[in-house]
Structure formats: structure tokens, C-alpha cells
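Numbers for residues simply follow the sequence, beginning at 1. Any value given below was found using the heavy atoms of this structure, including those in side chains, with hydrogens, waters and symmetry copies removed.
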Amino acid sequence: MNKWIRGTNATVLSLAVIGIFIVLTIFLSSVKGLQVDLTQNKKFTLSDQTTQTLQALDKDVHIISLTSDQTDPYIKRQVIDLVQEYKKRNGKITFDEYDIIKQPAIAKQYETDPSGTLVVESGTQKKTIYYYDMFLPGQQQGQYKFSGEEKLTQALVNLNSKEKSKVYFLSGHNEIPLSSMNMWKSGLEGENYEVKDLNLLREGKIPDDASMLFIIGPESDVSDKEAELIKTYLNGKGKLYLALGFNKDMASNWKNIDAIMAAYGIKDQHAVAIEPKQSMLYDPLTIIPEYGNHNITSKLQQYNLLTMMTLAVSLNADQPVADFPVTSILKTTEQAYGETDLKTLANSSRSVKDANDVKGPLNLGYVVEDKDKKPKAVVLGGSTLFDDRVIAQQGNRDFALNTVGWLQEQQNQVTIRPREGDAIQTAMLTAGQGNMIFYGTVLVFPFLFLIAGGVVWWRRRKG
């Protein structure tokens with residue numbers, strides 16, 4: 001009798017536990033938005049900026065994933081999981097997946113890439129994000145950065161923009177070509193800019209629709225006629241983004257470039273910044289500037305994202321122009337100095353501090369406003385940070401986009417720190433090893449547990 005009662009109690013208790021578990025599972029599933037992110041890098045936790053954007057979204061948005069057999073399954077899974085998180089938080093978002101090989105008719109409606117494409121559309125507005133743009137190389141081999149949240153949130157924000165701003169990159173003076181700045185160009189296009197190349201010798205003028213003129217890494221000077229065209233453009237509503245290149249004869253050969261900067265009270269000191277501190281990560285010609293107090297750099301400081309410049313020319317603004325107040329945003333440490341013997345530096349890449357050099361700290365970047373406190377120009381002493389080989393490192397890309405956003409007076413720019421991730425590890429197994437793992441987990445281990453449970457049950461029954 002006692003055994004029967006104990007058995008009945010055990011059965012009732014087991015059924016009660018199972019029932020509680022089922023009820024709790026149903027309850028938790030019914031609570032909208034309730035989830036706990038236990039992943040190491042918080043890969044399912046959206047930023048405050050994204051949450052606010054989704055709460056303010058009041059229009060129907062259709063997100064489409066277009067993939068093929070060339071799409072990496074691991075990359076695809078991360079993108080799909082991210083979109084699903086957005087969908088959970090706003091009922092106006094719908095999501096569909098298509099295979100561009102099996103459904104070519106749908107693929108023809110969009111600009112797709114075999115590695116994967118994400119399309120965000122609402123009404124007549126459409127934004128395209130390629131999978132490869134969401135994944136950046138990490139600091140160490142085998143690591144990566146996933147910037148999908150920043151891309152997707154920016155796309156939602158930009159859906160409200162009806163017109164694209166046209167920006168022109170000057171060429172013809174050994175500037176860094178646009179083909180070597182694809183990551184920056186892609187970032188600008190994602191923020192609703194139309195990026196074009198401009199050769200003044202061919203075009204004869206700066207287009208009337210140019211909202212901004214970029215001069216990135218010039219090694220040779222602009223001509224007198226080109227300088228006049230640029231001056232006329234800037235005397236109006238035009239805006240300038242100038243990042244210097246390197247020329248060992250810049251003191252005598254950059255007459256017009258120096259004059260463009262001088263119009264805003266900024267002087268090229270014709271010296272390259274040298275950081276005496278050396279490490280395994282960078283040499284004396286590589287500078288990690290300190291940030292000035294400005295909206296451009298506030299987020300970078302908050303996230304401790306550093307900017308890196310190589311062959312950076314030191315600048316000064318000790319004779320300000322009344323109508324154009326300037327603010328320093330990049331500066332070296334006091335230990336740094338400006339090497340003025342550029343010919344020796346160019347020939348040997350060596351530098352020894354002497355009395356002719358410029359004492360630190362050195363200014364490497366300024367922003368310029370007009371008399372109405374509106375953004376007018378960004379002037380940087382270096383341009384290597386924009387190159388595809390460097391821009392993904394630390395805060396270079398964020399700095400590049402932030403400066404453009406400030407210059408263009410973008411109030412809705414999205415800056416979300418990419419998530420760090422380790423490359424997926426693939427175990428190389430033979431067929432026999434694979435079968436051993438399969439049979440061991442599916443048959444052997446469950447069978448052992450069954451035997452152990454049976455032995456315990458038999459002993460209790462006998463007792």
C-alpha cells in the first residue's frame with residue numbers, strides 16, 4: 001500500500017512539474033518582446049538608437065533578403081536573425097526571403113549580389129544593403145565586425161529622405177582614387193549621398209548641384225584656374241572636405257592648396273607628424289590622434305574607438321579669420337613633433353628631432369564654420385585613413401562618416417558600434433568520425449542513460 005501511495009505521489013508530482021513547465025512556457029511565449037540575451041557579445045541586443053528608430057517608425061516597411069548558393073550560411077543566419085529582431089519590435093515591418101537562382105523573376109527587380117543582398121523598401125523609396133558591406137575585418141586574424149545593425153537602422157532613417165545630396169571627389173592631382181575608397185563610398189551612398197568623380201580639366205567647372213567638394217590626398221597642387229573655380233564655389237554655399245596627401249616639396253609646390261586653407265585661417269606647417277613612441281603595432285609615422293571636444297568625436301570617445309593617420313601633415317590656426325571660426329578635432333601628444341626635413345624623411349623614412357622641427361602638440365584636423373555658425377569645411381592633415389586597407393580599423397570609418405555628416409548638417413546620422421565576432425570554426429572530420437559522433441549522441445548515450453535509470457528503478461522496487 002505504501003509503495004502504491006509513494007508511486008502515486010511521484011506520478012502526481014511529475015505531472016505537476018511538467019504542467020507548470022508547459023504553463024510557464026506558454027506564458028513566456030505570450031509576453032511580447034520578452035527575451036534574455038545570454039550571448040557573449042550581446043548579438044541579439046539592439047542599441048538605444050535602433051529601438052528609438054523602430055518606435056518612431058509609422059510607415060509600412062518591406063525587407064527582402066535575396067541570396068544564392070554563393071551566400072555563406074553563417075553570414076546569412078546573422079543577417080536574418082537581425083532582421084527578425086527588428087520585425088519583433090514593430091508590426092509594420094514585413095520580411096521575405098528569396099533565392100535569386102530559383103526565383104530569377106523577383107531578383108530582376110533589384111540590384112543583387114550573389115553573396116547576398118538586403119532590400120529595404122517603403123512606397124517608392126528603396127535602400128539596398130549588400131551582405132559583404134555588413135561584415136568588416138576585425139583587429140586580429142579570424143575575427144570580424146558585424147555592422148548590420150548600423151546599416152539597417154540607417155536605411156530605415158533614410159527612407160524619409162526624398163532627395164540625394166550629390167558630392168564630388170576631385171581628381172587629377174594624384175588624389176586617392178574612388179576605387180581605393182570603396183568602403184567610404186559605400187558608407188556615403190548608404191547615407192543618401194550620390195558620389196561622383198570630378199576632373200575640372202574635363203568638366204570645366206564645379207557642377208551647380210554639388211553640395212560638397214572632396215579633395216582627398218592630393219600630392220600635386222591644383223592649377224591657378226582650378227583654384228579660382230574652387231574659390232568661387234566656396235564663396236557661395238559650397239562646402240569643402242580637404243585631406244592632405246604628401247609631397248616632399250610641399251613648402252614650394254602647394255601654393256594654391258595652401259591658399260585654399262589660408263582663406264579659413266588654417267596654415268600648413270609643411271611638417272610631418274612624428275610620434276617617438278614605438279610599438280609592434282605602429283611606427284613613428286603612424287599617429288593615433290587625441291580627439292578634440294566636438295560632436296564629431298563625442299561618440300568615438302564614448303566607445304573608445306581610435307583614429308589612425310600615417311604621414312600626417314601638421315596644421316596651425318594661430319591667425320584666425322573673423323568670419324570663419326575653427327575648432328581643432330585631432331591633435332597629437334606633447335611628445336610628438338613635426339619633421340620639417342621632408343626630403344630626408346622621404347628618402348630614408350627616418351627622423352631625428354632637431355631645433356628646426358615643430359614642437360608638439362600638433363594639430364592634425366580642423367572644422368570650419370561660417371559667420372552664421374554653419375558648417376563650412378573640414379581640413380585634415382592626412383588622408384591615409386580613408387583607404388580601403390585602413391578605414392575598417394578602429395574608429396576610422398566612423399570618423400570619416402561623422403565628419404561628412406557634420407559638414408552636411410545631418411541630424412539623423414546613425415553611429416552604432418559594430419559587434420565583434422570570431423570567425424566560424426570548421427572541424428575537419430572523416431566519414432567514420434562523423435558516424436561515431438552521430439551514433440554516440442543519438443543511440444549510445446541515450447541508451448546508457450536508459451540503462452542507468454532502469455537500474456535505479458529496479459533497486460528502488462526491490463527495496
Interatomic spacing from [atom1] in [X] to [atom2] in [Y] - rounded to 0.5 Å:
| X | Y | atom1 | atom2 | answer |
| --- | --- | --- | --- | --- |
| Tyr291 | Ile296 | OH | CD1 | 11.0 Å |
| Met212 | Ile206 | CE | CD1 | 13.0 Å |
| Leu345 | Ser351 | CG | OG | 6.0 Å |
| Leu234 | Leu213 | CG | CG | 7.0 Å |
| Lys231 | Leu240 | NZ | CG | 14.5 Å |
| Phe324 | Asp370 | CZ | CG | 7.0 Å |

Which atom of [X] lies closest to which atom of [Y], heavy atoms considered:
| X | Y | value |
| --- | --- | --- |
| Leu380 | Gly365 | CD2-CA, 3.8 Å |
| Ala155 | Val120 | CB-CG2, 4.2 Å |
| Ser383 | Ile216 | CB-CG2, 4.0 Å |
| Phe386 | Ala400 | CE2-CB, 3.7 Å |
| Pro289 | Leu364 | CG-CD1, 4.2 Å |
| Leu407 | Ala377 | CD1-N, 3.5 Å |

Assess, by modelled atom type and distance only, whether the side chains of [X] and [Y] contain a donor and an acceptor separated by less than 3.5 Å.
| X | Y | value |
| --- | --- | --- |
| Tyr241 | Thr403 | yes |
| Thr153 | Tyr86 | yes |
| Glu275 | Thr286 | no |
| Asn363 | Ser328 | yes |
| Tyr110 | Glu121 | yes |
| Asp341 | Asn356 | no |
| Thr67 | Tyr98 | no |
| Asp209 | Tyr168 | yes |
| Asp221 | His173 | no |
| Ser47 | Glu149 | yes |
| Tyr131 | Ser65 | yes |
| Asp388 | Ser180 | no |

Is the backbone N or O of [Y] less than 3.5 Å from a side-chain atom of [X], with the two atoms forming a donor-acceptor pair by type?
| X | Y | answer |
| --- | --- | --- |
| Asn396 | Val390 | yes |
| Asp357 | Asp354 | yes |
| Tyr193 | Val167 | no |
| Asp60 | Ser122 | no |
| Glu175 | Gly172 | yes |
| Gln154 | Glu150 | no |
| Thr384 | Thr310 | yes |
| Lys376 | Gly238 | yes |

Counting C-beta onward and ignoring hydrogens, is there a side-chain heavy-atom pair between [X] and [Y] closer than 4.5 Å?
| X | Y | value |
| --- | --- | --- |
| Val195 | Lys166 | no |
| Phe399 | Arg397 | no |
| Met261 | Leu242 | yes |
| Phe146 | Val79 | yes |
| Leu188 | Lys185 | no |
| Asn199 | Leu170 | no |
| Leu54 | Ile93 | yes |
| Ile63 | Val61 | yes |

In sequence, state the C-alpha distance, the side-chain angles, and the governing distance for Val352 and Arg350, and then conclude on side chain to side chain contact (heavy atoms under 4.5 Å, CB included).
CA-CA 7 Å; Val352 178; Arg350 294 181 179 180; over 6 Å; no
Run through Gln269, Lys267, Glu339, Lys331 and flag the one making a side-chain hydrogen bond (donor to acceptor under 3.5 Å, both in side chains) with Ser314.
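Among Gln269, Lys267, Glu339, Lys331, the one meeting side-chain hydrogen bond (donor to acceptor under 3.5 Å, both in side chains) with Ser314 is Gln269.
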Any salt bridge linking [X] with [Y]? Criterion: basic side-chain nitrogen under 4.0 Å from a carboxylate oxygen.
| X | Y | answer |
| --- | --- | --- |
| Lys374 | Glu369 | no |
| Lys87 | Glu85 | no |
| Asp72 | Lys76 | no |
| Lys205 | Glu226 | no |

Would you please name every residue forming a ring-ring contact (aromatic ring centres under 6.0 Å, His included) with Phe169, sequence neighbours left out?
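Per chain and number, Phe169 pairs via ring-ring contact (aromatic ring centres under 6.0 Å, His included) with Trp184, Phe214.
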Residues Leu244, Leu315; criterion side chain to side chain contact (heavy atoms under 4.5 Å, CB included); working and verdict:
CA-CA 10 Å; Leu244 298 177; Leu315 307 171; 4.0 Å; yes
Give a yes or no on this: more than 12 heavy atoms of other residues, nucleotides or ligands lie within 6.0 Å of atom CG of Asn293.
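Not more than 12 within 6.0 Å, no.
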Atom CG of Asp208 with >12 non-hydrogen neighbours under 6.0 angstrom:
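Atom CG in Asp208 is not packed in, count stays at 12 or less.
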Run the side chain to side chain contact (heavy atoms under 4.5 Å, CB included) check on Ser211 and Gln408 step by step: do they pass?
CA-CA 8 Å; Ser211 62; Gln408 197 63 14; 3.5 Å; yes
Is the distance from the ring center of Trp254 to that of His270 below 6.0 Å?
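For Trp254 and His270, the ring centres are not under 6.0 Å apart.
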What verdict does the side chain to side chain contact (heavy atoms under 4.5 Å, CB included) test give for Tyr130 and Leu118, after you've listed the backbone C-alpha separation in whole Å, the side-chain angles of each residue and the deciding distance to 0.1 Å?
CA-CA 6 Å; Tyr130 297 110; Leu118 203 65; over 6 Å; no
